[in-house]
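To start, the structure under review is shown below, and the notes come after it.
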Amino acid sequence: EAKRKGKNTYCYYHPKMEKQALNRLEIENALRHGLNTSQLFLEYQPEVDLRNNRMVGVEALLRWQLPDGTKKSPEEFIPIAEKSALIGVLTKFVLSEVCISIRSWRGTPLQGIPISVNLSGKDLQSPTFSAEVIAILNNYNVPGDQLIFEITESIFLEGISNISQVVNDLRTYGIRFAIDDFGTGYSSFRYLQLIEIDFIKIDKSFIRHVDSNPQQAAIAKSIIDIGVNLEVSLIAEGIETETELDFIKSTKCYIVQGNLIAPPKTPADILKMNFLDKLN
Ligand code: C2E
Ligand code: MG
Ligand code: MG
Ligand code: MG
């Protein structure tokens, strides 16, 4: 109602509404301040290929820790950042940090491992986005094939008119694309015709209880069939138990990510991982 009519329109006064608006602004300001005072940093979560137990990529996950030690979840602050220009600033921060990691991994066992970055629909709406991405890559001398952009189906609802053009443009630099949280959006399969993708990430909600719930397993298998038929790589997210892993091992989804395999880790800790110890 009020929201749809625009920022300066009020339907009725409600104390709770005012409180929410205030919190949002407070968080937005705190986030800006946090960005300038090194409260934001990245963790990397490994993606492991079950066929050879090798780490084939990592996903960059943004972290925010306040001076008092409190951790704020990206589930909370990303949607707030998306309501302002702040999301663009955060995405550029993430991209720069990712390029720094890629550079620092040269000459280590992590050399050449691509990093996945979560994008917001707002990023793709910005007419300068591809140019900014390429400028950051050039600045750090990092090739585009080291980057994978994760987008969710919800961006196709936002009616970004030139989405295929932006994606194609970035693809010419070697950047690959993944559909994140596949199956949780409202979009039809239409978007799979609109853009070329390389990976489908199966949302953790479809992985959960595959062992005990036959319907859940049927959905997961159907998603995997879609990926196989489209000839894209499948990544199962949020693997927490051995039974979930056993299920995935019985399918044509070969790449896994989840706390059972490895939780998100700081850049220093990711260098210390030995995957052959972890999986058998
Ligand atoms: P996502 O992109 O789907 O990322 C996967 C989420 O699953 C991460 O949550 C990760 O920590 C969590 N996860 C990994 N393994 C497991 C597991 O075994 N069990 C469970 N229950 N969860 C697991 P996180 O880090 O809290 O991030 C939440 C969401 O916030 C992300 O979901 C992504 O949509 C968004 N996000 C995180 N970092 C960024 C960023 O840099 N930019 C943007 N635009 N969004 C981000
Ligand atoms: Mg993701
Ligand atoms: Mg996901
Ligand atoms: Mg997500």
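Remember, predicted model here, so these are calculated numbers, not experimental data. Just follow the structure's listing: the first ligand is 1, and inside any ligand the first atom is 1.
The shortest N/O to N/O separation between Glu82 and ligand 1 does not fall below 3.5 Å. Between Ser73 and ligand 1, no pair of N/O atoms sits closer than 3.5 Å. Between Leu62 and ligand 1, an N or O atom pair is found at a separation short of 3.5 Å.
Taking 2.8 Å as the threshold, Ser116 does not count as a candidate ligand of the Mg ion (ligand 2), since none of its N, O or S atoms lies below it.
In this structure, the side chains of Glu47 and Met55 stay at 4.5 Å or more apart for every pair of heavy atoms.
No side-chain donor-acceptor contact under 3.5 Å links Glu59 and Tyr44. Between the side chains of Asp123 and Thr91, at least one donor N or O lies within less than 3.5 Å of an accepting N or O.
Of all the listed residues (Lys201, Glu244, Glu237, Lys204), Lys204 holds the heavy atom that lies closest to atom 6 (C) of ligand 1. Of the options Arg63, Lys122, Glu43, the smallest heavy-atom separation from atom 25 (O) of ligand 1 is shown by Arg63.
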Test log, rule salt bridge (Lys or Arg N to Asp or Glu O under 4.0 Å), inputs Arg63 and Glu43
CA-CA 7 Å; Arg63 299 290 178 249; Glu43 284 186 340; 2.9 Å; yes
Salt bridge (Lys or Arg N to Asp or Glu O under 4.0 Å), that's the test. Do Glu28 and Lys83 meet it? Break it down for me.
CA-CA 9 Å; Glu28 202 186 303; Lys83 291 195 169 76; over 6 Å; no
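Within Asp180, the N, O or S atom lying nearest to the Mg ion (ligand 2) carries the name OD2. Residue Glu150 approaches the Mg ion (ligand 2) most closely through its N/O/S atom OE1. The Mg ion (ligand 3) lies closest to atom OD1 when only the N/O/S atoms of Asp181 are considered.
With hydrogens and angles disregarded, a donor-acceptor distance shorter than 3.5 Å links the side chain of Gln111 to the backbone of Gly107.
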